[in-house]
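Basis for what follows: all heavy atoms, side chains included, without hydrogens, waters or symmetry-related copies.
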Amino acid sequence: MRLTAKGRYAVAAMIYMTGHMHDTEPTTVLRVSSELGISKIYLEQVFALLKRGGFVKSVKGAQGGYYLSCNPGGTTAYDILLAVEGSLFEGSEERYLDAAPHIDRVIREAILNETDEAIRSVLSRITLTALADRAASDPAHIYYI
């Protein structure tokens, strides 16, 4: 599995947005950036991907910002990461084609593919609501995702 800073920041931003989903005003990127200690410019790119994925809606103008537009109980860590990372798993190429293709196949099937599926399964069970609840019970968690 490949998880970049962009993926971690996207999950952190979505946890933050879930915690503020009942706010009457939209949440600004500057506010999220300040609260999470993430570069505003980098976070703007993350929010553009989250918007494209349908997780947030934007409001333009001086009083603009973002609202959560997904159901946190039905949105998983896998959904968010897939939207911003594009691909979470690196394709396993055959490495030993000439010398030992049977060993390469065993490595891909028994180790790499099984591991990827296990990770996908775990990430698909972790909802945004569960993450936000966990962060709310100990606010320090939101900074260590």
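The two residues Cys70 and Met14 make their nearest non-hydrogen contact at SG-CE, 3.7 Å. Counting all heavy atoms, side chain and backbone alike, Val56 lies closest to Tyr66 at CG2-CD2, 3.7 Å. The shortest heavy-atom contact between Gly64 and Thr28 is O-CG2, 3.5 Å.
In terms of modelled atom types and a separation under 3.5 Å, the side chain of Thr129 and the main chain of Pro72 share a donor-acceptor contact. Without hydrogens or angle criteria, Ser34 side chain to Arg31 main chain gives no donor-acceptor distance under 3.5 Å. Listed for the Tyr67 side chain is a donor-acceptor partner under 3.5 Å among the backbone atoms of Thr24. Side chain of Ser33 to backbone of Ile38: a donor-acceptor contact under 3.5 angstrom is found. Side-chain atoms of Asn71 come within 3.5 Å of backbone atoms of Gly73 as a donor-acceptor pair (strictly under, hydrogens ignored). Proximity of a side-chain donor or acceptor of Ser69 to a complementary backbone N or O of Phe55 within less than 3.5 Å is detected.
Clustering ILVMFWY residues whenever any of their side-chain heavy atoms sit less than 4.5 angstrom apart, transitively, puts Val32 in the very cluster that holds Tyr42. Note on Leu50: it does not cluster hydrophobically with Val59, by side-chain heavy-atom contacts below 4.5 Å among ILVMFWY residues.
To the nearest 0.5 Å, atoms CD1 (Ile15) and CG (Leu36) are separated by 9.0 Å. Distance check: Thr27 OG1 to Leu68 CG gives 9.0 Å after rounding to the nearest 0.5 Å. Atom-to-atom distance recorded for Ile41:CD1 and Leu43:CG is 11.0 Å, nearest 0.5 angstrom.
The environment of Glu44 atom CD is dense: over 12 non-hydrogen atoms of other residues, nucleotides or ligands sit within 6.0 angstrom.
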Give the C-alpha distance, both sets of side-chain angles, the deciding distance and a yes or no for side chain to side chain contact (heavy atoms under 4.5 Å, CB included) between Leu49 and Lys6.
-> CA-CA 10 Å; Leu49 294 169; Lys6 182 175 21 176; 3.5 Å; yes
